[in-house]
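No hydrogens, no waters, no symmetry mates; every other heavy atom, side chains included, goes into these values. What you are looking at is a predicted structure, and each value in this text was computed from that prediction instead of being measured. Each chain gets a letter, A, B and so on, in the order its sequence line appears, and its residues count up from 1.
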Amino acid sequence: MSFNEKCYAVLRKVPCGKVTTYGALAKAIGKPLAARAVGNAMNKNLYAPQVPCHRVIGSDGKMVGFASGISKKIKMLKKEGVEVKNGRVDLDKFLFELK
DNA sequence: ACGGTGACGCTCA
DNA sequence: TTGAGCGCCACCG
């Protein structure tokens, strides 16, 4: 089980209408400071349609990166019931507690 | 084994 | 409040 696989495993648990952050995800894996590495894993995204990488956002609730386009990402989230304002998400309400 | 790269995160100006 | 800088970790050539 390589690092990126763990990322996918945890991310896969995030339900619709909820989101998580790279930092939280990294922390859940056991590497609180590996947020960057997580992003790297998402970028590779070997498990493309299987993993909801669009539910992963920045620690401040701002969308970052995403090769497919931020706009599209926002669209998908809103579609799932996540309230997005100016490319921002209310972490207090939509941040999923990873365990 | 080494160095470069990147979908991050925090601090300081 | 926004922008720039520095430190992190894992993957790839």
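A continuous path of ILVMFWY side-chain contacts below 4.5 Å connects A:Leu91 to A:Phe94, so both sit in one hydrophobic cluster.
The side chain of A:Phe66 approaches B:dA7 more closely than any other nucleotide in the set B:dG9, C:dC11, B:dA7. Looking at the side chain of A:Leu33, the nearest of the listed nucleotides B:dA7, C:dC8, C:dC12 is C:dC8. Nearest to the side chain of A:Arg36, among B:dC8, B:dA7, B:dG9, sits B:dC8. Of the candidates B:dA7, C:dC12, B:dG9, the closest approach to any side-chain atom of A:Met42 belongs to B:dA7.
Both A:Asn40 and A:Ala24 lie near DNA chain B, and the one whose nearest nucleotide falls closer to the 5' end is A:Asn40.
In this structure, the side chains of A:Ile29 and A:Val10 come closer than 4.5 Å at one or more pairs of heavy atoms.
Using a 4.0 Å heavy-atom criterion, one finds that A:Ala35 contacts the sugar-phosphate atoms exclusively. In this structure, A:Phe3 reaches the sugar-phosphate backbone alone: every heavy-atom distance under 4.0 Å involves primed, P, OP1 or OP2 atoms, never a base.
Counting all heavy atoms, side chain and backbone alike, A:Lys73 lies closest to A:His54 at CE-O, 3.1 Å.
Among A:Met76, A:Lys75, A:Lys78, the single residue meeting the side chain to side chain contact (heavy atoms under 4.5 Å, CB included) criterion with A:Val84 is A:Lys78.
For the pair A:Ser59 and B:dC10, the criterion of a side-chain N or O lying under 4.0 Å from OP1 or OP2 is met.
In this structure, NZ of A:Lys6 is placed 10 Å from P of C:dC11, rounded to the nearest angstrom. Whole-Å rounding puts the A:Leu11 CG to B:dC8 C1' distance at 15 Å.
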